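Report on the structure given below.
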Amino acid sequence: GTGVDGATVTMSADYSGSFGPVTALGSGYYRSSYVPSPTPVKGTVEVTITARASKSGYAYPGAGQALLRVMPGIDVSLEAPWDTLYGGQSMEVTARAVTSGVPFVAGTVVATTTSGATATPSSGTTDASGAWKTTFKANLNAGGTAQTLTVNVSAQGYAPGTAAKAITVL
């Protein structure tokens, strides 16, 4: 069908939460935001979102539904003793993962670096305190560059989290 501009659009959900204002985007398209309550969500929640539209002069209102999967997120931070290294120098970096303010245990960790550095180990699992450690080493020939360590933590049923730290190599 053809989209209708100027309609009155209302939103509802089968899970507690709040919608932002409905914004007309043109050509019969509309947008709104939804924030579940309580936030953060505990575990994965499936929410059915229903949009209803009506406009004077049209015999029947329109409606549509979409299934939204809401997952708690993993927040990741990196702790390093320095922001600068010399080529060939290394330091231990700790990644900390939390969800809803609680340490995230047994998250799958993958670390990557830009081409002038390495992370050893480059993968693992967060411990009982939500921590995982790696050794970041700047390559000998990386002087005069900025190198980045990126750490991703994931687990089924959670939106993954990522943190990155730039290290200047002298």
Side-chain angles (χ1 to χ4, degrees), residues 11-23 31-51 65-170:
M11 308 292 290
S12 63
D14 65 354
Y15 186 85
S16 178
S18 60
F19 287 92
V22 175
T23 304
R31 175 179 57 207
S32 183
S33 60
Y34 170 75
V35 177
S37 179
T39 299
V41 171
K42 304 283 188 210
T44 301
V45 176
E46 290 188 350
V47 181
T48 301
I49 305 289
T50 302
Q65 289 187 323
L67 182 64
L68 174 67
R69 179 169 288 144
V70 180
M71 297 180 180
I74 302 170
D75 295 314
V76 181
S77 61
L78 296 177
E79 301 167 4
W82 308 294
D83 294 325
T84 303
L85 292 177
Y86 288 100
Q89 189 178 15
S90 63
M91 66 177 165
E92 185 175 80
V93 178
T94 301
R96 295 209 181 274
V98 299
T99 186
S100 303
V102 177
F104 192 76
V105 180
T108 301
V109 182
V110 175
T112 58
T113 61
T114 45
S115 62
T118 58
T120 307
S122 61
S123 64
T125 304
T126 56
D127 64 18
S129 67
W132 176 80
K133 296 178 187 294
T134 189
T135 299
F136 178 90
K137 183 176 182 179
N139 293 348
L140 279 171
N141 61 353
T145 66
Q147 299 299 314
T148 302
L149 170 66
T150 303
V151 174
N152 182 51
V153 180
S154 62
Q156 185 157 353
Y158 292 84
T162 302
K165 179 156 185 69
I167 313 296
T168 301
V169 183
L170 302 175

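These numbers were taken from a predicted model, which means no experiment stands behind them.
Under a 3.5 Å cut-off, the side chain of T126 and the backbone N or O of G107 do form a donor-acceptor pair. Side-chain atoms of D127 come within 3.5 Å of backbone N or O of G130 as a donor-acceptor pair.
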**Q.** Stepwise side chain to side chain donor-acceptor pair (under 3.5 Å) test for T48 and Q65
**A.** CA-CA 7 Å; T48 301; Q65 289 187 323; 5.8 Å; no
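Atom OG of residue S33 and atom CE of residue M11 lie 9.0 Å apart, to the nearest 0.5 angstrom. Atom OG1 of T125 and atom CH2 of W132 lie 10.0 Å apart (nearest 0.5 Å). Taking CG of L78 as the start and NZ of K165 as the end, the distance is 8.0 Å to the nearest 0.5 Å. We find the OG-CD1 distance between S32 and I49 to be 8.5 Å, quoted to the nearest 0.5 Å. Going from atom OG of S90 over to atom CG of N139 covers 11.5 Å, rounded to the nearest 0.5 Å. A distance of 6.0 Å separates NZ in K133 from CZ in R96, rounded to the nearest 0.5 Å.
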Scan the side chains in residues 148-160 for donor-acceptor partners under 3.5 Å anywhere in the protein, sequence neighbours excluded, and list what turns up.
{"residue": "N152", "atom": "OD1", "partner": "T162", "partner atom": "OG1", "Å": "3.1"}

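Nearest heavy-atom pair across T99 and P72 is OG1-CB, 3.9 Å. For A128 against V105, the heavy-atom pair with the smallest separation is O-CG2, 3.6 Å. Closest non-hydrogen pair, A142 versus G116, comes out as CB-O, 3.4 Å. Here the closest non-hydrogen pair linking V169 and G87 is CG1-N, 3.7 Å.
Between T113 and F136 the shortest side-chain heavy-atom distance falls below 4.5 Å. Taking the side chain as every heavy atom from C-beta outward, S37 and Y15 never approach each other to under 4.5 Å. In this structure, the side chains of V98 and F104 stay at 4.5 Å or more apart for every pair of heavy atoms. Taking the side chain as every heavy atom from C-beta outward, M91 and Q89 never approach each other to under 4.5 Å. At a threshold of 4.5 Å between non-hydrogen side-chain atoms, the residues T84 and L170 count as touching. Counting only heavy atoms from C-beta outward, the side chains of R31 and V22 never approach each other to under 4.5 Å. A 4.5 Å side-chain heavy-atom check between T134 and E92 finds every atom pair outside the cut-off.
In summary, the side chains of T118 and K137 do not present any donor paired with an acceptor at a separation below 3.5 Å, with no hydrogens or angles considered. Remark: the T145 side chain and the Q147 side chain contain an N/O donor-acceptor pair separated by less than 3.5 Å.
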